[in-house]
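First listed ligand is number 1; within each ligand, the first listed atom is number 1. Start at 1 with the first residue, then count along the sequence.
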Amino acid sequence: MLRRSFAFVLTLSATQAFAQPGRAGTPIKPGDPCPAGMTLVRPDNCQAPVGAVPSILDYRPKSMLKAPTNPRMKAKFPVIDFHGHPRNLVGSAEGLSSLQASMDSINVQMMIVAENVSGDRLKSTIAAIAAHPTMKDRARVLTGIQFRGAGSPGWVEATIKQLEADVAAGAVGVGEIGKGFGQTTTKADGTRLRVNDPILTPIWEACARLKLAVFIHTADPEAFYLPHDLTNERWLEMSLFPGRAISPEVHPNFAEVMAERDSLFRANPKTTFVAAHMGWHAHDLGRLGKMLDEMPNLYTEMGAVLYDIGRQPRAAHDFFIKYQDRILFGKDAFEPEEYPYYWRVFETRDDYFDYYRPYHAFWKLYGIDLPDPVLKKIYYANALKLMPAVPKSGFPK
Ligand SMILES: [Zn+2]
């Protein structure tokens with residue numbers, strides 16, 4: 001009590017000193033935000049800039065920091081991209097050759113095509129890869145599940161039959177199951193298909209029997225479920241892509257979908273699940289750590305959440321050390337020039353460097369400096385463990 005009133009006196013006197021006649025400044029009550037158009041310049045005192053204020057899009061400060069820079073074009077060890085979306089590059093010999101050149105330039109040894117395809121499309125992709133003289137051992141394909149209409153007569157049996165056929169054709173896992181599952185996908189009766197719907201249990205059991213890890217993307221970044229206002233750290237992204245904002249009136253909320261996902265993982269302990277995008281908990285590693293502690297059948301993949309890893313280098317370092325056997329490298333969108341940002345975050349101690357998409361994150365990244373044995377696990381060894389059919393040539397022991 002004594003200490004608190006002392007702080008209050010200090011605050012008051014600073015405000016009073018600053019708000020003297022002849023000095024600019026708008027006092028505010030302790031804890032209040034500044035009025036619009038102003039920023040905090042002294043404790044509990046706000047001020048507006050002199051002159052026209054640029055849009056946040058035009059404010060591009062150049063860092064004055066002089067610090068070691070260790071850009072990494074190529075990964076230190078060969079990499080399996082578990083979250084591959086090379087799109088049409090895997091459909092033809094020319095496309096595959098171009099994909100190979102890109103993969104070589106960044107030291108990605110194996111591309112896992114995670115396009116959730118099955119049947120003829122899966123077979124034709126596998127055939128194109130197998131026919132390519134230098135890519136035949138550099139790409140593998142995951143099969144997919146089509147959930148729309150789940151619950152109609154014979155749907156479960158047909159889905160399992162398709163999985164079996166796709167494994168026979170060479171599929172090495174399942175995924176990426178997209179975010180529609182659990183949010184917008186409906187059952188045959190028109191209701192929302194929850195990810196933990198028990199009608200799906202025989203399918204997850206089939207995945208366990210067929211030794212297929214299930215790569216699943218559930219929901220969206222938590223900020224997309226929050227009000228689209230100026231306190232939302234994804235305000236710019238939601239303004240650039242208004243479709244990303246999620247209305248609580250139309251969709252279930254983040255907590256609800258995540259609770260359903262966790263109950264799916266718990267209810268199917270024999271099935272291996274890989275939660276894409278670190279389960280959208282990279283900004284809350286404590287939560288993800290608890291899940292990994294509780295669910296031995298759970299792995300995670302870090303595609304498109306580098307902005308959250310690189311902004312908490314000490315916590316992320318400790319997390320990657322602790323869960324080094326449970327994390328897989330994945331990139332998501334295939335943009336070869338973006339991979340080196342990942343290598344730099346994982347492999348260096350660099351401070352305060354740019355991320356590749358300023359609209360995702362207006363902050364800078366830091367290296368988390370992982371030791372070689374951990375790099376090897378997240379780059380390839382964990383993925384090889386989950387997909388025994390993937391060729392091991394090209395990876396160090
Ligand atoms: Zn994806």
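- The atom of E176 that is an N, O or S and sits closest to the Zn ion (ligand 1) is OE1.
- With the Zn ion (ligand 1) as the vertex, atom NE2 of H83 and atom NE2 of H85 span an angle of 100° (nearest 10 degrees).
- Shortest non-hydrogen contact noted between S118 and D166 is CB-OD2, 2.8 Å.
- If you check the side chains of D308 and Q312, you find no donor sitting under 3.5 Å from an acceptor.
- A cation-pi arrangement is absent between R311 and Y366 under the rule of less than 6.0 angstrom and at most 45 degrees off the ring axis.
- In summary, H217 places no N/O/S atom under 2.8 Å from the Zn ion (ligand 1), failing the contact criterion.
- Ring centroids of W204 and F273 are separated by less than 6.0 Å, placing the two rings close together.
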